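Read through the structure below, which is laid out as structure tokens, and then see the notes.
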Amino acid sequence: MLLSPALAISAVLFTLGVAGVLLRRNAIVIFMCVELMLNAVNLTFVALAQGLGVGGQVFVFFVMAVAAAEAAVGLAIILAVYRHKQSVSLQNMNLLKDG
Amino acid sequence: MTLTVFWIFGVIAMGSALLCITRKNPIACALWLVVTLFALAALFVLLDAQFIAVLQVLVYAGAIMVLFLFVIMLLNLGRPGPTDIKGPLGLLGATVLAGALLLLLRPLGEAPLPAGIQLPPGAVAALQQQRGIVGSVATPLFDTYLVPFEIASVLLLAAIVGAVVLAKRKL
């Protein structure tokens, strides 16, 4: 039975994605870590679909569609920010900070 | 045998994910993430989701990661420069919080599946034998999940329009 190894690998991948978001300052790399987290959840869906029916595999479709939409819009936002700030570092994105 | 192959690809996925979040160069990060996505596609094949694995390679490794690499190279971020990884304090915070999350996720792996809705072993493989690999996923997609499918198409249209509006200098 591959369910428990799949869930373990998925948990580790999700944790690595969270660690990447906390560790990095480059907006594009943080974005890639978010994609890593989405993929970890996809692995959980597929692993559970083996025992609970193909509905889980259908859900992976929707996760992929949302991830593609998110990547397109997010990278457009990063491009727009880069045009203003000449940087993609989150340290320089402090427009809403007081002072 | 299957379990060994599963763990080999799982270790490849986890190792390259670790390299992905620790490399300084964004292009190296993106390429290690592609390795992770390919290893995940192999795991999907082992979990009886061959069609999802093909989509993973086509959509994720093919389309989304090319978009990422395109933006990295468009903004010329691949050149050597100061690292964007946070200092020792950030590393400590990330390690502690990620470790806490891993501890929180651990009990979920040991929880038993609800017995009432659980299928007999091999049910998904039998369904794929009966309807074909694509058909077993397509039937619920265009039947039970038709409304979410249509909503997803509207979402993709909104994303296309939004990306053009955001990325264009002047409309």
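Since the structure is predicted, the reported quantities are computational estimates derived from the model, not experimental observations. So that the names make sense, note that chain A is the first sequence line, chain B the second, and so on, each numbered from 1.
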- [ ] Grab the two heavy atoms, one from A:Phe31 and one from A:Gly74, that are nearest each other, plus how far apart they are.
- [x] CZ-CA, 3.3 Å
TODO: Sort B:Leu43 into side chain, backbone, both or neither according to what part of it lies under 4.5 angstrom from a heavy atom of chain A.
DONE: side chain
Task: Per-residue contact mode, B:Ile151 against chain A (heavy atom under 4.5 angstrom) - done: neither
Open item on the list: Which heavy atom of A:Ser87 sits nearest to which heavy atom of A:Tyr82, and what is that distance?
Closed with: N-CD1, 3.5 Å
Open item on the list: If we define contacts as heavy-atom pairs under 4.5 Å, which of A:Leu22, A:Leu23, A:Leu52 has the most with chain B?
Closed with: A:Leu23
Task: chain A interface, residue from B:Gly10, B:Gly90, B:Gly99, B:Ala125 that has the most non-hydrogen pairs under 4.5 Å - done: B:Gly10
Open item on the list: Below 4.5 Å, heavy-atom pairs only: which of B:Leu55, B:Leu47, B:Ile72 has the largest tally toward chain A?
Closed with: B:Leu47
Task: Structural part of A:Ala67 lying under 4.5 Å from a heavy atom of chain B - done: both
TODO: Mind ranking A:Asn39, A:Leu79, A:Leu48, A:Val29 by heavy-atom pairs under 4.5 Å with chain B and telling me who comes out on top?
DONE: A:Asn39
TODO: Give me the ring orientation class for B:Phe51 and A:Phe61: parallel if the planes are under 30° apart, tilted from 30 to 60°, perpendicular past 60°.
DONE: tilted
- [ ] Tell me, for B:Ala49 versus chain A, whether the close heavy atoms (under 4.5 Å) come from the side chain, the backbone, both or neither.
- [x] both
Task: Heavy-atom side-chain proximity of A:Lys85 to A:Asn94 below 4.5 angstrom - done: yes
Task: Enclosure of A:Arg83 CZ (heavy-atom neighbours >12, cutoff 6.0 Å) - done: yes
Task: Flag if over 12 foreign heavy atoms under 6.0 Å of CZ, B:Phe9 - done: no
Open item on the list: Please output the residues of residues 20-29 of chain B in contact with chain A, using a heavy-atom cutoff of under 4.5 Å, in numerical order.
Closed with: B:Cys20, B:Ile21, B:Thr22, B:Arg23, B:Lys24, B:Pro26, B:Cys29
TODO: Please determine, among A:Gly51, A:Gly20, A:Ala65, the option with the most heavy-atom pairs under 4.5 Å with chain B.
DONE: A:Gly51
Task: Interface moiety of A:Val12 toward chain B, non-hydrogen atoms closer than 4.5 Å - done: both
Task: Closest heavy-atom pair and its distance - B:Ala61, B:Phe38 - done: CB-CE1, 3.9 Å
Task: Proximity breakdown for A:Leu7 and chain B, heavy-atom pairs closer than 4.5 Å - done: side chain
TODO: Heavy-atom distances under 4.5 Å only: say whether B:Leu40 touches chain A with side chain, backbone, both or neither.
DONE: side chain
Task: Residue that, paired with B:Ile52, satisfies side chain to side chain contact (heavy atoms under 4.5 Å, CB included) out of A:Val58, A:Val54, A:Val46 - done: A:Val46
Open item on the list: Looking at A:Gln57 and B:Asp48, would you say the former's side chain and the latter's main chain have a donor-acceptor pair under 3.5 Å?
Closed with: yes
Open item on the list: Below 4.5 Å, heavy-atom pairs only: which of B:Met65, B:Met14, B:Arg106 has the largest tally toward chain A?
Closed with: B:Met14
TODO: Could you look at B:Leu102 and say if it's the side chain, the backbone, both or neither that has a heavy atom under 4.5 Å from chain A?
DONE: both
Open item on the list: Using heavy-atom distances under 4.5 Å, tell me whether A:Phe59 contacts chain B through its side chain, its backbone, both, or neither.
Closed with: side chain
Task: Worked verdict on A:Leu75 versus B:Phe70 for side-chain contact (heavy atoms from CB on, under 4.5 Å) - done: CA-CA 10 Å; A:Leu75 287 170; B:Phe70 179 77; over 6 Å; no
- [ ] Decide yes or no for A:Asn92 and A:Gln86: does some side-chain heavy atom of the first lie under 4.5 Å from some side-chain heavy atom of the second?
- [x] no
- [ ] Measure the shortest side-chain to side-chain distance between B:Val124 and B:Gln128 over non-hydrogen atoms and say whether it is less than 4.5 angstrom.
- [x] yes
Task: Side chain, backbone, both or neither of B:Leu91 within contact of chain A (heavy atoms, under 4.5 Å) - done: both
Task: Part of B:Ala30 lying under 4.5 Å from any heavy atom of chain A - done: both
Open item on the list: Looking only at heavy atoms and a cut-off of under 4.5 Å, which of A:Val21, A:Leu13, A:Leu3, A:Val18 has the most pairs with chain B?
Closed with: A:Leu13
Open item on the list: Applying side chain to side chain donor-acceptor pair (under 3.5 Å), can you list everything that pairs with A:Thr44, at least two apart in sequence or on another chain?
Closed with: A:Ser10
Task: B:Ser153 side chain vs B:Glu150 backbone, donor-acceptor pair below 3.5 Å - done: yes
Task: Side-chain heavy-atom pair A:Met64, A:Asn42 within 4.5 angstrom cut-off - done: yes
Task: Interchain contact, B:Leu37 with chain A, by part (heavy-atom threshold 4.5 Å) - done: side chain
- [ ] State, yes or no, whether a side-chain contact exists between B:Leu75 and A:Ile28 at a heavy-atom distance under 4.5 Å.
- [x] yes
Open item on the list: Is the shortest side-chain heavy-atom distance between B:Lys86 and A:Arg24 below 4.5 Å?
Closed with: no
TODO: Under 4.5 Å heavy-atom distance to chain A, tell me which part of B:Tyr60 shows up: side chain, backbone, both or neither.
DONE: side chain
- [ ] Name the member of B:Leu105, B:Ile85, B:Leu101, B:Thr2 that forms the most heavy-atom pairs with chain A at distances under 4.5 Å.
- [x] B:Ile85
Task: Among the listed options A:Asn26, A:Val88, A:Ile30, A:Val73, the residue most often paired with chain B at heavy-atom distances under 4.5 Å - done: A:Asn26
